[in-house]
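Heads up, the thing below is written out as structure tokens.
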Amino acid sequence: MEGADAKPMLVVRPRKAGGPERSDFKVLFVYPNFQMSNLLLPAGVSILSAVLKQAGFQVRLFDTTLYRPEGKSFDEVRLDMLQLKTFRLEDREIHIKTSDMTEDFRTLLDEYQPNLVAASVLQDTYPLCRGLLAEAHARGIPVLVGGIWPTFVPQGAMKDPFVDLICRGEGEHMMVALCDRMARRRPYDDIPNLGYRGPDGELVLNPLGPTVNVDELPFSDYSIFEPDRFYRSMQGRVMRIIPVEMHRGCPYQCAFCEDPSLNVIYKGISNYHRAKRPRRLIDEIHFFVETFGAEYIYFNAETFFAMPARDFDVMAELYAKEIHLPFWLQTRPETITEDRIAKLKYMGVANINVGLEHGNEEFRARVLKRSMKNERIVSGLSILERHDIPVTVNNIMGFPDETRDLIFDTIELNRSVTSATINAYLYNPYEGTELYEVCKAKGYLPADTDEKVVDIALSEEFPYFKTILNMPQITKEELIGMQRTFVLYVKLPRSEWPKIRLAERLDEEGNRAFAELRARYLGEPAGHNEFEIAPAPAAPALPS
Ligand code: B12
């Protein structure tokens, strides 16, 4: 089956250093992740580290994931809301840090003396690293910020005086060129994808250069992460779960996602959506098994089946014969067919994540730009049920103009399928997406100026489980209440719905009802207030 696809395995070891300047040049990445969250090793900094090391530079990383946050962690909130299975990090002797994060960062700066500090950020994670970047800048170290947020909101991070440079779009070519010029003390203001302040403080954005050939990249370098970071829970089991970047980008048009806009900004330059060749993908997985002791593979692809049928056949055969570790993937419901799932079983599939997102066909097609029939969603998921594959169903609520009834359409559709776990996120608009523009035009953003939205993104309070939208048809409290009871509405009998309605309320009585129902759902003895619920937020201001 390999046939024409076979190619020699790529070598990952760093090439001989380009010269003394390169091997002396030290990059310190900062990865501001939600603290103590059960999240993956990220693709972005891992590939950037690999290309920089290959080019002969030194790389280290400061990662915020294993520090205990002040309040509840992202995962603790998800556990409260029944959207995550209980897991025990202690089983694999994973240590959560109790030391002071900023102090540890200062110590690392003293010890490592980096020539460049480079943060990889999303809109929600940028606030977590501002203090650290300010520390680096105060010591005269240039600070660079890259990732999806600066790609679409380049002026955002540049509002902070301690940020010197930003990267729009892909970072591989840009970072190697930048470090090379910095190491040789050459000007770097012409490097594609770079943003910087011009002579009058104005933001200068260089044009985007071509995208990388994903088959020619070195394998992702996870060695910059601490050993405890390789563990993650999957359906309650903590394992060494290693992600493999399989596709970059996505061919679909979902209005809430940045992917369609990545295709737009790269239009006329390169195709943003790319898939790795099966042979190369399998070689990379071999490397992860040998180097990082992978016990479980996480295919990083927005839609796993967005690839030619032949590539899937080749990959399935290679994976089944050479790897056969349990694995996770994500795909759209309408891509699920009997034949494909039989092949996934042959490969050893363990879990599948399916984006249902919304239960009302018309709303889903018109507002979310996801056209598919509910029948197809149900039939797709029933194939997974027949094959006994645990499924996580993703849902989002709180879209512009979405009413309580529309949210119930999503609850009903979830009730008609079988799921092992359910994610119910509150929608937040990300700048660069089509739906962000809709929210803006309707006056649902906190204020109708880009500046204000940036300020909110920069605020320490930018929430991971709240919505920033102010909408006339539903309040923020109602959305938060529906989010925390979503799983109960789906999984408990309808006769419980009046009590679940009470459990939506973010007051003492509501919290008590929620605690009882949650305990019942989990089969635990009921105990009042065995966990705390965040206090109800102030009533949102409606647009005038
Ligand atoms: C896989 C994925 C996840 C995974 C892994 C996350 C991770 N950090 O890798 C999981 C499921 C854990 C996840 C979680 C979340 N995600 Co997510 N995720 C994605 C997805 C589908 C692919 C990301 C990816 O791996 N791309 C491939 C890598 C190689 O690309 P990249 O990360 O963009 O990096 C390249 C460039 O950006 C740049 N770059 C990146 N960092 C840096 C740093 C420097 C210094 C430089 C120079 C360049 C640079 O160079 C890299 C190589 O070219 C994207 C969609 C997308 N296309 O971006 C959403 C996306 C990034 N996620 C998003 C969101 C909102 C989240 C969550 C906040 C959701 C939530 N509330 O739970 C969390 C945040 C978790 C976190 N701390 O990161 C949004 C972000 C929107 C925004 N504008 O900020 C996206 C864009 C989806 C969307 N709605 O449009 N996510």
Side-chain angles (χ1 to χ4, degrees), residues 27-35 37-52 63-65 74-75 77-78 83 116-126 128-129 133 143-153 156-157 163 165-179 191 193-195 211-212 214 217 220 232 241 243-250 254-263 272-274 298-303 328 330 353 355 392 394 396 423 425-436 457 462-466:
V27 177
L28 176 60
F29 278 110
V30 175
Y31 182 61
N33 194 8
F34 301 142
Q35 290 162 234
S37 62
N38 185 33
L39 295 177
L40 288 174
L41 296 165
V45 284
S46 314
I47 191 58
L48 295 176
S49 172
V51 294
L52 287 170
D63 175 14
T64 64
T65 310
F74 184 80
D75 280 359
V77 179
R78 289 184 71 207
Q83 297 187 16
L116 175 68
V117 163
S120 176
V121 308
L122 306 181
Q123 179 172 315
D124 297 18
T125 60
Y126 179 66
L128 301 172
C129 70
L133 301 186
V143 171
L144 164 69
V145 174
I148 278 290
W149 190 54
T151 296
F152 290 106
V153 193
V163 174
L165 304 165
I166 56 133
C167 171
R168 281 192 311 142
E170 290 191 341
E172 287 93 339
H173 294 318
M174 183 269 174
M175 272 208 88
V176 171
L178 179 71
C179 295
I191 297 175
N193 298 22
L194 185 76
T211 55
V212 290
V214 287
L217 288 173
S220 293
R232 183 191 191 274
I241 300 183
V244 59
E245 193 191 6
M246 178 174 165
H247 298 170
R248 195 173 287 188
C250 178
C254 301
F256 52 84
C257 181
E258 305 277 25
D259 270 300
S261 309
L262 284 166
N263 295 334
Y272 190 82
H273 179 234
R274 286 144 292 164
Y298 184 109
F299 284 103
N300 187 348
E302 274 88 326
T303 301
W328 177 103
Q330 168 171 287
N353 203 302
T392 298
N394 281 342
I396 310 179
N423 290 328
Y425 293 106
L426 292 188
Y427 170 69
N428 275 301
Y430 292 107
E431 203 164 340
T433 63
E434 191 181 327
L435 260 193
Y436 172 90
F462 189 76
Y464 35 65
F465 286 113
K466 285 175 192 158

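Please read all numbers here as calculations on a predicted model, not as lab measurements. For ligands, and for the atoms within them, numbers begin at 1 and follow the listed sequence.
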Check whether any N or O atom of [X], backbone or side chain, sits under 3.5 Å from an N or O atom of ligand 1, and answer yes or no.
X      : result
Asn300 : yes
Arg248 : yes
Tyr425 : no

Under a 4.0 Å heavy-atom limit, does [X] contact ligand 1 with its side chain, its backbone, both, or neither?
X      : answer
Val45  : neither
Pro243 : neither
Cys167 : side chain
Glu302 : side chain

Heavy-atom distance to [atom]: which of [options] wins?
atom                    : options                       : answer
atom 56 (C) of ligand 1 : Val143, Thr64, Asp259, Leu426 : Asp259
atom 52 (C) of ligand 1 : Met175, Glu172, Glu431        : Glu172
atom 36 (C) of ligand 1 : Pro32, Gly44, Gly169, Gly249  : Gly169
atom 49 (C) of ligand 1 : Gly432, Ala43, Gly147, Ala119 : Gly147

- Is ligand 1 less than 4.0 angstrom away from at least one heavy atom of Phe152? no
- Query: Below 4.0 Å from any atom of ligand 1, is there a heavy atom belonging to Cys250?
  - Reply: no
- Do any N or O atoms from the side chain of Gln330 and from the backbone of Glu302 form a donor-acceptor pair under 3.5 angstrom? yes
- Kindly say whether Met246 contributes a backbone atom to a donor-acceptor pair with the side chain of Asn300 at under 3.5 angstrom? no
- Distance from Leu41 atom CG to Ser220 atom OG, nearest 0.5 Å? 9.5 Å
- Answer with yes or no whether the side chains of Asn394 and Asn353 bring together a donor and an acceptor at under 3.5 Å. yes
